[in-house]
J.: 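Starting off with a structure, shown below.
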Protein chains: 2
Amino acid sequence: MKQEVSIVDVAREAGVSIATVSNVVNGKGRVSTKTIQKVRKVIDELGYTPNLPARNLKTKRTDLIGVVVPTMKPGRLQDNPFYWDLLAGVEEGARDRSFHIILTGIDEATETFSFVKERRLDGLIVVGTNEGSQAVQRVTGLGVPAVFIDSYLKDSGLYQVNLDDRQGSYRATSYLIEQGHRRIALLIGDIPMERIAYYGVLHERWLGYRDALEEAGIPYDPRLMIKLPTSLAGGYKAADQLVELPDVTAIFSFSDVSAMGVLKGLKEKNKSVPGEYSVIGFDNLFMSEYTSPSLTTVSQNIIEKGHAAVRMLLNQIDGEPLSERRIVLPAGLVVRETTGPGPHQSSE
Amino acid sequence: MKQEVSIVDVAREAGVSIATVSNVVNGKGRVSTKTIQKVRKVIDELGYTPNLPARNLKTKRTDLIGVVVPTMKPGRLQDNPFYWDLLAGVEEGARDRSFHIILTGIDEATETFSFVKERRLDGLIVVGTNEGSQAVQRVTGLGVPAVFIDSYLKDSGLYQVNLDDRQGSYRATSYLIEQGHRRIALLIGDIPMERIAYYGVLHERWLGYRDALEEAGIPYDPRLMIKLPTSLAGGYKAADQLVELPDVTAIFSFSDVSAMGVLKGLKEKNKSVPGEYSVIGFDNLFMSEYTSPSLTTVSQNIIEKGHAAVRMLLNQIDGEPLSERRIVLPAGLVVRETTGPGPHQSSE
DNA sequence: CTCTCTACATTAAACGTTTTACCATATTAT
DNA sequence: ATAATATGGTAAAACGTTTAATGTAGAGAG
């Protein structure tokens, strides 16, 4: 194992000072073209690679950002491809600015985020936490630039990027109503309704649903809330409850994977989609185009979400924080085959 | 922004030398219980956090490993949830040993892996590259501990972890044959068959398919190879070709997502599964249980794959390399609903 | 010829650790 | 008592950079 070659080796070999080599490497200061070439040559010959940890020590910047996703533990959240896309967006955005990302799953209960300080990360991106969560306090306590994705935190001092969940949900619900559905079940997640305000994303989507109902003059019926996890298995079980709800002809599921579960459950019960039930999802995963029937769903640009978060974070790090602290991306609706006319078609 | 507190602040405040503080922090050297407590107390009061980059500079270890996945570029590979699971396994394994992972997508054409040297990463995990790829040469040229996942590199000096793809493929094919299928199409990927030996994973699976054929005395028919990408879209298009192949009653697809595409394509053509066609996938994604009909597929423990790679890498880093350079994990077969009896049932 | 610029280049301190070699003091063995 | 050995602690160098302050030489101006 050959000895590492450092900046002083280069300096000696090139017959200049280490400061000059440093300047050449970083393109700073004044140095003549002749010297630049000489130093570059030596760098190539010796195969010198700058030692970033050493640089970090001096500059107090690591060009490293942490990305924290909620319990990436096997079995928990890995079952939603959504996060992979988001990560791809973040990674790409970071790479474009020659930052690297340190990825870590967290166990909300135990995570102290100490690694952020220890490793002197320049910033942190936190995905999908909630108002009042331990994580939020701990992160803000760090005093490190941070951006929260999909978290809907009340503290308006925090940088956040969200989807316009309420609007998206409103559009989906309105569409079902237009199609003639009046009793629309909601697969909302495994949460106590009295605390829904704490579940940012779910809350917003729930509000959007209610907006649409209200606009159409349809009374809100709490019995239509199906409180099961928005996972494949949750969706599958939700079908059981769905078929017991009288007069319900549609279900809006707060994630595509759970909608797939619903589809599967309904098919096993020999309920036709969209004949007997219309189903609508949320996320527009790449897969959703290939289910049978293909899934009508609320769409979002996940990659762009990642990009936006990185941009916001890097601006903070560079000391030129964006004036807007909250970016809200638009939600779309893509109509495919799981939705069809309901019983009240001419009700408008 | 309060000044960072360093080891010397702690030392001064506690009235000991910095060497002693260092020893307390790292649990090394000899230091009396009384001093330990005193120092610990001061550390808490001052809120001291060790500076890892500084430590790295001195120790030449970063406790950081790089994870490289093939072009995590939007649109490319993100469309296979497989990688997310793998990443979860790696991350978890690393975290257990208090390593962190730096994740980066690569563009095989341009990536030089210079970040590995610059950041002084302790090791590297590379996923899904191929024999003869630029990436392999560059990584080995780095002289850094590395483990290749799903790469089937001939150079037996390299550490690798693979699935027993050949065996898995053999089992799947044999199962179809047992069920009475004799002409079995293969959705093999968008590659030139004359170069198949370079595509490690695909090659092995192809060999497994041929093993099973040979054992059953069924001649290999190259016309049954469908050369389309093993993606959702590829699978969907594969259905077009499938229905044109005379007497074919089954298709074996080299990924679950592409099998889902096939399912969708067949349904649109009003071909029944498993009535007219049996379909079998590869990977056993969590979703595969929820397709309609649910997918028969070759299963693997992806999380364990990640764990194994980390273990292998960390042993190298610790200077106690495993004697076996290649770990091969077993493949299973999970039979669900997309496979059924074929026309030659009593052929055995 | 001296003075002031300008353009390059260097010196040396600092960043926050770890670690080797060494020094006390207390304990035990002789 | 003396020598040998533990035990607890320290001084100082080193890791590879960046950067502020400073130096030097040559060119043009007076």
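All chains are named by letter (A, B, ...) in the order of the sequence lines, taking the proteins before the strands, and each is independently numbered beginning at 1. Below, all heavy atoms of this structure are taken into account, side chains as well, without hydrogens, waters or symmetry copies.
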J.: Using a 4.0 Å heavy-atom cut-off, does A:Thr33 contact any base of the nucleic acid, only the sugar-phosphate backbone, or nothing at all?
T.: nothing
J.: Rounded to whole angstrom units, what separation is found between the CD atom of B:Glu118 and the C1' atom of D:dG16?
T.: 14 Å
J.: Should we count NZ of A:Lys34 as having more than 12 external heavy atoms under 6.0 Å?
T.: no
J.: Closest nucleotide of DNA chain D for B:Lys58 versus for B:Val31: which of these residues is on the 5' side?
T.: B:Val31
J.: Nearest nucleotide by nearest heavy atom, which residue falls closer to the 5' end of DNA chain D, B:Thr20 or B:Ala54?
T.: B:Thr20
J.: Both atom distances under 3.5 Å, Watson-Crick or G-U wobble: I'd like the secondary structure of DNA chain D as a dot-bracket string, with | for pairs made across strands.
T.: ||||||||||||||||||||||||||||||
J.: Using whole Å, what does the distance between atom P of nucleotide D:dG8 and atom CD of B:Gln37 come to?
T.: 14 Å
J.: Contact class for A:Asn26 (heavy atom, under 4.0 Å): base, sugar-phosphate, or nothing?
T.: sugar-phosphate
J.: Using whole Å, what does the distance between atom P of nucleotide C:dT18 and atom CZ of B:Arg61 come to?
T.: 13 Å
J.: So what does A:Leu52 hit on the nucleic acid, given a heavy-atom distance under 4.0 Å: a base, only sugar-phosphate, or nothing?
T.: nothing
J.: Specify the separation, in whole Å, of atom CG of B:Leu57 and atom C1' of D:dA13.
T.: 13 Å
J.: Rounded off to whole Å, could you give me the CZ-to-C1' distance for the A:Arg30 and D:dT18 pair?
T.: 18 Å
J.: Using 0.5 Å steps for rounding, measure from the OG1 atom of B:Thr104 to the CZ atom of B:Phe115.
T.: 5.0 Å
J.: Quick one: is D:dC15 close enough that its OP1 or OP2 comes under 4.0 Å of any side-chain N or O from A:Ser6?
T.: no
J.: Expressed in angstrom and rounded to an integer, what is the separation of A:Ile43 atom CD1 from D:dT17 atom C1'?
T.: 13 Å
J.: Taking only Lys NZ, Arg NE, NH1 and NH2, and the carboxylate oxygens of Asp or Glu, determine whether A:Arg97 and A:Asp318 approach each other closer than 4.0 Å.
T.: yes
J.: Just the rounded figure in Å: distance from C1' of D:dT19 to CG of A:Asn56.
T.: 16 Å
J.: If you look at every strand shown and take non-hydrogen atoms under 4.0 Å, does B:Pro53 touch a base, only sugar-phosphate, or nothing?
T.: nothing
J.: From CG of B:Asn23 over to C1' of D:dG9, roughly how many Å is that when rounded to an integer?
T.: 9 Å
J.: Measuring from atom CE of A:Met312 to atom CD of A:Gln160, what distance do you get when rounded to the nearest 0.5 angstrom?
T.: 8.0 Å
J.: So how far is it from B:Ile36 CD1 to B:Thr33 OG1, rounded to the nearest 0.5 Å?
T.: 6.0 Å
J.: Under 4.0 Å between any heavy atoms, over every strand shown, what does B:Ser22 touch: base, sugar-phosphate, or nothing? Just pick one.
T.: base
J.: Salt-bridged, B:Arg311 to B:Glu304, with N to O below 4.0 Å?
T.: yes
J.: Under a 4.0 Å threshold between the charged nitrogen and the carboxylate oxygen, would B:Lys41 count as salt-bridged to B:Asp44?
T.: no
